[in-house]
Amino acid sequence: MAINIHDAELLQASLAKQVITHNELNSINTVAGVDVAYHEQSNQVVGAISVLDANTLELLETQVSIEEISFPYVPGLFSFRELPPLLNAFEKLSIRPDLIVCDGHGIAHPRRFGLACHLGVTLNLPTIGCAKTKLIGDFLPVEQARGQMSDLIVNEEVVGKVLRTQHNVKPVFVSIGHKISLDAAVDWVLKLSPKYRLPETTRQADQLVNKTLKSKLELI
DNA sequence: GCGACAG
DNA sequence: ATCTTGTCGC
């Protein structure tokens with residue numbers, strides 16, 4: 001790895017000061033989803049980004065990047081493992097999305113600097129963290145109806161929302177990534193999840209990395 | 001020491 | 001994340 005674990009933690013604490021936790025958005029016409037998949041066998045990683053029309057959720061553009069895994073999986077240092085392939089895939093885009101939804105946390109992180117924050121600050125774009133499971137924090141049970149939520153709390157501080165995107169389906173963990181308020185982040189996650197638990201942006205990116213991993217690496 | 005721990 | 005079949009339910 002190019003950076004050691006200790007330095008990575010110090011870097012996060014420093015970069016966390018650059019995170020903007022209020023809305024600094026222009027009109028949002030396109031929204032992107034990002035995801036990463038691994039092939040430990042060949043030490044390869046696939047990063048993908050899918051850009052959707054923010055209103056129709058129609059798929060507009062996709063890009064992928066396949067490269068060497070450069071950092072181990074360490075809870076809390078997730079972004080150092082996933083950022084490289086995501087940035088490389090992003091560079092290939094012809095469309096610059098107005099918002100990015102990440103498969104992981106934003107400020108709901110030990111040093112308030114999860115993947116969504118790191119990607120947002122690096123690209124200077126609004127980002128949302130939408131994770132499938134908790135990293136830190138406590139919360140009260142969420143009612144079963146779609147749209148119900150409860151605060152995700154760490155030391156009295158609300159770092160995110162535990163949001164039910166579908167009736168009777170396990171909730172997701174939403175937090176601020178960069179340049180967006182928590183309320184707006186929740187609204188977008190709901191809008192992007194009309195039918196399934198996860199946002200369409202995440203589903204498209206997830207589908208893309210798995211398809212790519214299968215076709216380009218399984219024949220090794 | 002014990003449990004928790006994004007993907 | 002990934003390893004993995006069938007199966008219950010809308």
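Source: prediction; values computed, not measured. In what follows, every chain begins at residue 1, and chains take the letters A, B, ... in the order their sequences are listed.
- The CD1-P distance, from A/Ile69 to C/dA1, rounds to 14 Å in whole Å.
- A straight line from CG of A/Leu213 to P of C/dT2 spans 7 Å, rounded to a whole angstrom.
- Using modelled atom types, one side-chain atom of A/His109 and one backbone atom of A/Gly76 make a donor-acceptor pair closer than 3.5 Å.
- At least one side-chain heavy atom of A/Glu67 sits less than 4.5 Å from a side-chain heavy atom of A/Asn88.
- Ring orientation note: the planes of A/Phe139 and A/Phe173 are nearly perpendicular, at an angle over 60° on the 30°/60° scale.
- Rounded to an integer number of Å, the gap from A/Phe71 CZ to C/dA1 C1' is 16 Å.
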I'd like a table of atom pairs between the protein and nucleotides 2-7 of chain B - only N or O on both sides, under 3.5 Å - with the distance next to each one.
| unit_1 | atom_1 | unit_2 | atom_2 | d |
| --- | --- | --- | --- | --- |
| B/dA6 | OP2 | A/Tyr73 | OH | 2.1 |
| B/dA6 | O4' | A/His105 | ND1 | 3.3 |
| B/dA6 | N7 | A/Gly76 | N | 3.1 |
| B/dA6 | N6 | A/Gly76 | O | 3.2 |
| B/dA6 | N6 | A/Phe78 | N | 3.3 |
| B/dA6 | N6 | A/His109 | NE2 | 3.3 |
| B/dA6 | N1 | A/Leu115 | N | 3.0 |
| B/dA6 | N3 | A/His105 | N | 3.0 |
| B/dG7 | OP1 | A/Lys132 | N | 3.0 |
| B/dG7 | OP2 | A/Thr133 | OG1 | 2.8 |
| B/dG7 | O3' | A/Asp103 | OD2 | 3.4 |
| B/dG7 | N7 | A/Tyr73 | OH | 3.3 |

Name the pairs: protein N/O against N/O of nucleotides 5-10 of chain C, kept only if under 3.5 Å.
none

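- Comment: A/Asp183 does not engage A/Lys161 in a salt bridge, judged by the lack of any side-chain N to carboxylate O separation of less than 4.0 angstrom.
- Between the side chain of A/Arg164 and the backbone N or O of A/Gln148, no donor-acceptor pair lies under 3.5 Å.
- Panel note: side chain A/Thr201, backbone A/Ala32; no donor-acceptor pair is recorded below 3.5 Å.
- Salt-bridge formation is detected for the pair A/Arg112/A/Glu157: a Lys NZ or Arg NE/NH1/NH2 atom is positioned less than 4.0 Å from an Asp or Glu carboxylate oxygen.
- Looking only at distances, no side-chain donor or acceptor of A/Arg96 sits under 3.5 Å from a matching main-chain atom of A/Leu125.
- The NE2-P distance, from A/His39 to C/dT2, rounds to 11 Å in whole Å.
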